[in-house]
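Right, one structure below, let's go through it.
Start at 1 and go down the list; that is how both ligands and their atoms are numbered. This chain uses plain numbering: 1 for the first residue, then up along the sequence.
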Amino acid sequence: MNDLHGKHCIITGGAGSIGLAAAKLLRAQGARIALVDLDRAALEAAAARAFGAQTDGIALLAADVSREDEVERCVGDAVSRFGQISVLFSNAGNFGAVAPIETYPTDVFEQVWRVHVLGAFLTAKHAVPHMQSGGSIIITSSVAGTRGDPGVYGYITAKHAQTGLMRCLAKELAPRGIRVNTINPGPIDNAFQKRVEDGLGAEIGRDGTEFFNEIIPMHRHGTPEEIARSVLYLASDQSSFTTGIQLGVDGGMSA
Ligand SMILES: NC(=O)c1ccc[n+]([C@@H]2O[C@H](COP(=O)([O-])OP(=O)(O)OC[C@H]3O[C@@H](n4cnc5c(N)ncnc54)[C@H](O)[C@@H]3O)[C@@H](O)[C@H]2O)c1
């Protein structure tokens, strides 16, 4: 039931850690993959790392998910290359800043919302017309979409907003047989999270990674591959009656 032969997946943030891990796993199950990210050179380097010379079934599409013209163009390119879209993994993300409310930079707040919220909205808006019954949309939210923390205004509010988007889409698209869910990772052992933890560490005067390992009930970070396996579950027919949920993959952090 994990078989994805004949399926076509768009993955945004595809040059990044979680996006690329998901691309590898979904491709290994037979899906054809369109990787979308900001920069063509980064996409090429990521694809070379993940697939080497095995580029059959892989398309690389440079686009900024917060720009409607670019999203429309890249979805069109993906469809003309592979046909109908079976899976949209809407995963592009940035972190922004941590600062008290009085000094949180408004332009950073807007930039974070543009990527996570507007980006997820635009990719769904332009992909859905090319999706049919059996399709699946997965939005990468976060454990940060289930809780608050001081100063993380852009990221935490944007990750909560993705839940609202997912719920609207899930209700609208259920009668058409298209499922929509969020995946909510906890801290992952990758460069994105390391930057967050280095910033936190400087604020609290101790190692930010160790701090997270203490507060995660399983006392460790997740891996991009663990998130990819849950993406496969939501992408495949294994989850055929699952829509409108937040799937926590967080070592118990949201328990
Ligand atoms: N790393 C973690 O611990 C963690 C935990 C929970 C949720 N997440 C979420 O997982 C997703 C993937 O993050 P990651 O950990 O793989 O980090 P990453 O930085 O490796 O990947 C994010 C990718 O998104 C791309 N991107 C950023 N803005 C974009 C835009 N406007 N248009 C297109 N692409 C854009 C980046 O270039 C990058 O390749 C993000 O949404 C992030 O918020 C990460």
Review point. Quick one: nearest non-hydrogen protein atom to atom 36 (C) of ligand 1, plus distance?
Key: D37 OD1, 3.4 Å

Point to revise | Closest protein heavy atom (residue, atom, distance) for atom 40 (C) of ligand 1 | key: N91 O, 3.3 Å

Review point. For ligand 1, which part of P185 has a heavy atom less than 4.0 Å away: the side chain, the backbone, both, or neither?
Key: both

Practice item. Just go through F89, F212, Y155 and tell me whose heavy atom is the nearest to atom 42 (C) of ligand 1. Key: Y155

Revision key, fill the gap. Counting heavy atoms under 4.0 Å, the part of N190 that contacts ligand 1 is side chain

Check your understanding: Is the centre of the Y104 ring less than 6.0 Å from the centre of the Y153 ring?
Key -> yes

Exercise for review: Determine whether the side chains of T12 and T123 contain a donor N or O and an acceptor N or O closer than 3.5 Å.
Suggested key: no

Point to revise | Pick from G145, G13, G93: the one approaching atom 27 (C) of ligand 1 most closely through a non-hydrogen atom | key: G93

Point to revise | Heavy atoms from other residues, nucleotides or ligands near CZ of R67 exceed 12 (cutoff 6.0 Å) | key: no

Check your understanding: For D189, does the CG atom have more than 12 heavy-atom neighbours from other residues, nucleotides or ligands under 6.0 Å away?
Key -> no

Practice item. For atom 10 (O) of ligand 1, grab the closest protein heavy atom and report residue, atom and distance to one decimal in Å. Key: T140 CG2, 3.2 Å

**Study point:** Per-residue contact class, A144 against ligand 1 - non-hydrogen pairs under 4.0 Å
**Key:** neither

Revision key, fill the gap. Atom 7 (C) of ligand 1 sits nearest the protein heavy atom S141 O, 3.3 Å

Review point. Please state which protein non-hydrogen atom is closest to atom 21 (O) of ligand 1 and give its distance, to 0.1 Å?
Key: G16 CA, 3.5 Å

Review point. Where does V115 meet ligand 1, judged by heavy-atom distances below 4.0 Å: at the side chain, the backbone, both, or neither?
Key: side chain

Revision key, fill the gap. The answer for which part of H221 has a heavy atom under 4.0 Å from ligand 1 is neither

Review point. Is R114 touching ligand 1 with its side chain, its backbone, both, or neither, if touching means heavy atoms under 4.0 Å apart?
Key: neither

